[in-house]
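Okay, so here's the structure we're looking at.
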Amino acid sequence: MLEIRFHGRGGQGAVTCAELVAKAAIAEGKYAQAFPSFGAERRGAPVMAFLRVADEPIRLRQKIYTPDVVVVLDPTLLGLPSVVEGLKEDGLIITNASKSPETIKKEYGFKQKVAAVDATKIALDTLRLPITNTTMLGALIKRTQIVGMEALSEALEERFGRLAERNKAAMERAFKEIKIME
Amino acid sequence: MPKRVGMEVSIGIAEAVKLCDVDVISAYPITPQTHIVEHLSELVANGELDAEFIPVESEHTAISVGAGASATGARVYTATSSQGLALMHEILFIVSSMRLPIVMTVANRALSAPINIWNDHSDIMAERDIGWIQTFAINGQEAYDLTFHAFRVAEDEKVQLPVVVNIDGFTLSHVIEPIELVEKELVDKYLPPRKPILTLHPDNPVTMGPVGIPEVYTEARKQLEVALMDSKEVVVKAWQEFKKIFGREYHPIETYKTKDAELIFVTMGSITETAMLAVDKLREKGEKVGLVYIRLWRPFPHEEFYNAIKKAKILAVLDRAISYGTNSGPVYTEIRSSLFDKKKKPYVQGFVAGLGGRDIPTERFFEMIEIARSAAEKGECPQYIHLDVKED
């Protein structure tokens with residue numbers, strides 16, 4: 001079972017991010033569970049969303065305390081202690097950032113692996129909005145292979161209808177451009 | 001082939017209600033129930049569901065409108081949570097005693113104060129004695145399946161009672177997980193159109209709900225209790241029929257690895273699956289533990305419950321609410337009372353945990369087993385233990 005925690009700001013789509021991957025994984029025949037942090041979300045405030053993906057039915061309903069992966073939608077959140085809280089030692093941070101993974105790792109003193117992609121730039125180019133959730137999906141699936149691009153594209157189409165094409169383009173570009181530091 | 005889809009449990013419930021061809025939905029939004037009726041209002045607005053969606057100004061009116069609609073013979077649905085359920089309180093008794101079938105999903109949430117939107121069972125435990133049939137779902141699939149079951153039972157000729165389907169707020173209502181969707185044709189087979197015994201209609205006037213003077217009130221209330229206790233037979237039959245048509249099996253009381261279990265956990269709702277994992281982990285260490293979970297809370301299935309636990313030495317009962325002034329939780333009190341007359345009965349230790357959204361991780365069950373064992377050894381008069389409390 002893979003446990004993923006998404007960090008974003010209210011309005012950036014962290015919850016949608018977790019939801020789309022869960023739907024795609026289930027469509028592929030896997031088991032998944034996605035849920036928000038159940039808080040009083042407010043636009044702009046730091047929010048979290050959670051995702052479990054497994055090959056067997058998931059019975060665990062507690063919060064995710066020791067994620068395998070954290071996905072950070074907004075680079076200004078990288079300094080928050082909550083971002084790496086409980087993250088496994090051999091875990092992975094996938095972040096939206098204009099800086100290289102090496103620089104980020106050094107700057108924040110992360111012990112875990114870091115992968116980075118300039119999702120804000122890609123989102124502004126393709127969506128004309130600084131909403132980075134679908135872009136970050138491309139980075140996530142490139143690095144973890146938890147779901148295929150096809151299933152995720154279908155989930156995007158169902159969720160965004162007319163706007164799906166642009167979101168898919170953003171996702172595919174992030175898939176290509178992500179830089180990983182082991 | 002049934003379609004397996006990843007969807008939010010609230011949306012799944014709304015889709016189930018749609019397949020049941022409801023006539024009237026009257027509801028007022030309250031977190032964490034809102035997504036259910038929000039989706040239903042969309043289905044009505046876009047023409048996918050031919051029903052009257054009646055938006056009202058309070059939950060008191062939501063259930064009052066439901067009562068009136070059910071009296072005309074309509075198939076009625078509503079949903080609520082917490083303060084909303086509390087605001088319905090006085091009408092809930094009227095609905096059951098007037099034998100008006102209504103199905104209501106309660107997305108269980110804590111009661112104020114302090115204001116708290118998160119999950120526990122305080123709301124429904126305060127409505128234990130309303131005379132409604134009450135079931136609890138442990139996951140999204142059950143929340144979906146129990147919705148069909150609720151309509152079938154509520155409208156059964158022998159029952160004619162309202163039903164609450166309890167789903168944990170947020171921990172079920174807001175989770176996206178796989179749900180196996182059912183075919184409309186099969187739902188039509190399982191749930192025939194409602195055949196009301198008596199209806200309100202201007203062409204054929206009747207009086208419903210008049211004053212019950214002392215000469216008749218006792219009999220009316222006794223009738224309600226008899227009807228509710230007798231409904232168990234229909235509840236069970238409707239689950240048997242459900243299995244025949246949809247393939248999934250449900251019972252009033254369920255067991256998990258209890259065959260040789262010396263200690264049995266008792267749970268209700270979505271914490272059950274986490275408890276199963278705890279049982280698995282304890283079994284790996286050689287502990288003889290098992291789990292019993294209560295799906296049918298009202299009418300309480302005394303016989304089935306006793307049969308499920310009679311071989312155990314210790315019961316560890318997990319309550320998600322407090323029965324204030326009794327020094328225990330409501331499920332614990334119920335079980336102790338149910339076992340009182342039995343010659344052979346286990347030691348019962350009560351626990352309260354997970355109030356107002358406090359997480360219950362698997363480790364909490366390891367703690368429970370230690371406490372329950374040591375209490376049983378000492379044989380001390382058991383009191384409930386409130387887990388995970390910051391006391392300093």
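Letters A, B, ... mirror the listed sequences (proteins, then strands); counts begin at 1.
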* To do: Could you list the residues that satisfy salt bridge (charged side-chain N to carboxylate O under 4.0 Å, His left out) with B:Glu177, not counting sequence neighbours?
  => A:Arg61
Within 6.0 Å of [atom1] in [X], more than 12 heavy atoms from elsewhere:
X        : atom1 : answer
A:Glu150 : CD    : no
B:Ile115 : CD1   : no
B:Lys257 : NZ    : yes
A:Lys88  : NZ    : yes
B:Lys184 : NZ    : yes
A:Glu102 : CD    : yes

* Asked: Non-hydrogen atoms of chain B under 4.5 Å away: do they reach the side chain of A:Leu51, the backbone, both or neither?
  -> neither
Roughly how far, to the nearest 0.5 Å, is the [atom2] atom of [Y] from the [atom1] atom of [X]?
X        : Y       : atom1 : atom2 : result
B:Ile176 : A:Leu20 : CD1   : CG    : 8.5 Å
B:Met7   : A:Lys23 : CE    : NZ    : 7.5 Å
B:Thr171 : A:Gln62 : OG1   : CD    : 12.5 Å

* To do: Check the pair A:Tyr31 / B:Arg4 against side chain to side chain contact (heavy atoms under 4.5 Å, CB included), numbers first and verdict last.
  => CA-CA 10 Å; A:Tyr31 294 86; B:Arg4 181 177 168 277; 3.3 Å; yes
Select one option (side chain, backbone, both, neither) describing which atoms of [X] are under 4.5 Å from chain A's heavy atoms.
X        : result
B:Asp280 : side chain
B:Thr362 : both
B:Asp168 : neither

Minimum-distance pair of heavy atoms, taken over all atoms of [X] and [Y]:
X        : Y        : value
A:Ala32  : B:Pro178 : O-CD, 3.4 Å
B:Val5   : A:Ile26  : C-CG2, 3.8 Å
A:Lys63  : B:Asp359 : N-OD2, 2.9 Å
B:His174 : A:Pro36  : O-CD, 3.4 Å

* Select, from B:Gly357, B:Gly6, B:Pro32, B:Ala278, the one with the greatest count of heavy-atom pairs under 4.5 Å involving chain A. => B:Gly6
* Where along residues 264-276 of chain B does a heavy atom come under 4.5 Å of chain A, listed by residue number? -> B:Ser270, B:Glu273, B:Thr274, B:Met276
